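Data first, discussion second: the structure below is written as structure tokens.
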Amino acid sequence: MTTAPARTDLYPTRGVGEVTTPRQDPVVWSKPEAAGPIDPVGLGGFERDGFLSVEQLISPDEVALYRAELERLITDPVIRADERSIIEPKSQDVRSVFEIHRISEIFAGLVRDERVVGRARQILGSDVYVHQSRINVKPGFGASGFYWHSDFETWHAEDGLPNMRTVSVSIALTENFDTNGGLMIIPGSHKTFLGCAGETPADNYKQSLKMQGAGTPSNEALSSMADAAGIKLFTGKAGSATWFDCNCMHGSGDNITPYPRSNVFIVFNSVENTAVDPFAAPSPRPSFIGARDFTPVR
Ligand code: 6CS
Ligand code: FE
């Protein structure tokens, strides 16, 4: 009987207990002098903190275009019934729509925009493809947030991404105040991988995209990370953007204000880091959450 060749798992997680592993990968994969939209100071900050803010990535007119497209998508009953739409448990509003770069030509154009994909190529030092895209509506009046987690922990465990060569961008489509459930990141947390305790349940994504269970840090681990480095809350006008490394420990609070915190969230993965079998899950997640088409963005 032939057994599968043993493979290296650089970032063990979802075992019996919590285990930390120092980051084994670069943060910025391109050379400092590499051409691209991010200047050397910006790249240095991204390497140190794990994130980079752009005050105005897209113009107010472009925000209006994408807001209108978001409204069209979330009010379309066909989209609402699509498995790629996640519904808010309480209000039954649409919470997120995945794979918007395939559903919407308008959002596909944003993915190909040099201001967006150019920054991803510069950080990842290679051609890139979209591992995941979504719009998060986060309407007011009680939309729930996302508990603390590292995206890479999930993308490694459940989607089979081998290395930390993945970057996310969250582009604000409504103003992110300090009150309406903005993104919070622990600076520098991207440099340590926190392997979480507890096996991945079958079909975990059906629960985790509403409220993540498996793959979240213990109170002790979270406390020591936050005590050491603090917590940064991202605010900004519509059109602002936050780029953050796949392994940042981040989360966002509920939004009980009347002001929605809508964003478009695009995850670029290096074509040198394509998904293999999951490292800690019984089976891969559906391709609308973890892409299996590695065609580079052109
Ligand atoms: O599981 C995921 O892939 C998604 N979940 C969260 C809370 N952040 C990253 C990603 O969109
Ligand atoms: Fe996340």
Side-chain angles (χ1 to χ4, degrees), residues 11 13-14 50-51 83-89 94-103 107 111 120 129-138 143-161 164 166-173 176 181-186 189-190 193-194 196 198 200-217 222 225 231-234 241-255 261-269 273 275 278-281 283-292:
Y11 301 107
T13 188
R14 307 213 183 161
F51 52 77
E83 64 170 342
R84 292 172 289 186
S85 293
I86 307 291
I87 305 299
E88 283 285 352
V94 173
R95 174 182 173 84
S96 307
V97 180
F98 279 86
E99 234 182 18
I100 37 104
H101 68 293
R102 286 186 186 280
I103 292 174
F107 281 112
V111 164
Y129 71 93
V130 176
H131 174 68
Q132 181 183 114
S133 72
R134 63 197 280 187
I135 45 175
N136 290 314
V137 186
K138 206 164 205 179
S144 42
F146 292 101
Y147 192 68
W148 294 97
H149 61 282
S150 152
D151 291 338
F152 178 77
E153 193 279 338
T154 292
W155 297 339
H156 181 70
E158 299 189 56
D159 299 343
L161 300 192
M164 294 179 181
T166 320
V167 65
S168 302
V169 60
S170 172
I171 304 171
L173 296 181
N176 285 206
L183 174 66
M184 296 182 283
I185 296 180
I186 296 179
S189 56
H190 63 305
F193 178 75
L194 182 69
C196 299
T200 309
D203 282 347
N204 184 44
Y205 72 94
K206 290 182 179 161
Q207 161 55 28
S208 68
L209 296 177
K210 288 193 166 84
M211 184 46 73
Q212 192 163 340
T216 52
L222 184 64
M225 294 169 95
I231 294 173
K232 178 170 175 59
L233 169 69
F234 290 84
T242 302
W243 291 83
F244 58 108
D245 177 81
C246 57
N247 188 44
C248 287
M249 185 59 71
H250 69 287
S252 62
D254 291 355
N255 179 11
R261 197 216 34 128
S262 304
N263 68 345
V264 47
F265 177 76
I266 306 162
V267 182
F268 292 100
N269 189 34
N273 188 42
F279 286 86
S283 56
R285 298 195 298 176
S287 58
F288 71 83
I289 301 176
R292 299 274 146 177

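Worth saying up front: this structure is predicted, and the values here are computed from it rather than measured. Both counts, for ligands and for their atoms, begin at 1 and track the order of listing.
Put simply, the side chain of Ser168 never gets that close to the backbone of Val267: no donor and acceptor are under 3.5 Å apart. With Gln132 contributing its side chain and Ile289 its backbone, the two residues share a donor-acceptor pair below 3.5 Å.
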Which pairs of N or O atoms, one from ligand 1 and one from the protein, are separated by less than 3.5 Å, and what is the distance for each pair?
unit_1	atom_1	unit_2	atom_2	d
ligand 1	1 (O)	Arg285	NH1	3.0
ligand 1	3 (O)	Gln132	NE2	2.9
ligand 1	3 (O)	Trp155	NE1	2.8
ligand 1	3 (O)	Arg285	NH2	2.8
ligand 1	8 (N)	His149	NE2	3.2
ligand 1	8 (N)	Asp151	OD1	3.0
ligand 1	11 (O)	Gln132	OE1	2.5
ligand 1	11 (O)	Arg134	NH1	2.4

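The distance from atom OH of Tyr205 to atom OG1 of Thr154, rounded to the nearest 0.5 Å, is 14.5 Å. Interatomic distance, Ser262 OG to Asn176 CG, rounded to the nearest 0.5 Å: 9.0 Å. Distance check: His250 NE2 to Ser170 OG gives 9.0 Å after rounding to the nearest 0.5 Å.
Residues passing the salt bridge (Lys or Arg N to Asp or Glu O under 4.0 Å) test with Asp254, sequence neighbours excluded: none. The salt bridge (Lys or Arg N to Asp or Glu O under 4.0 Å) check on Arg261 picks up nothing, with sequence neighbours excluded.
Side-chain contact check for Arg292 and Ser287: no donor-acceptor pair (N or O, by modelled atom type) lies under 3.5 Å.
Taking the ring centroids of Phe244 and Phe234, they lie at or beyond the 6.0 Å cut-off.
For the Fe ion (ligand 2), the tally of protein N/O/S atoms lying closer than 2.8 Å stands at 3.
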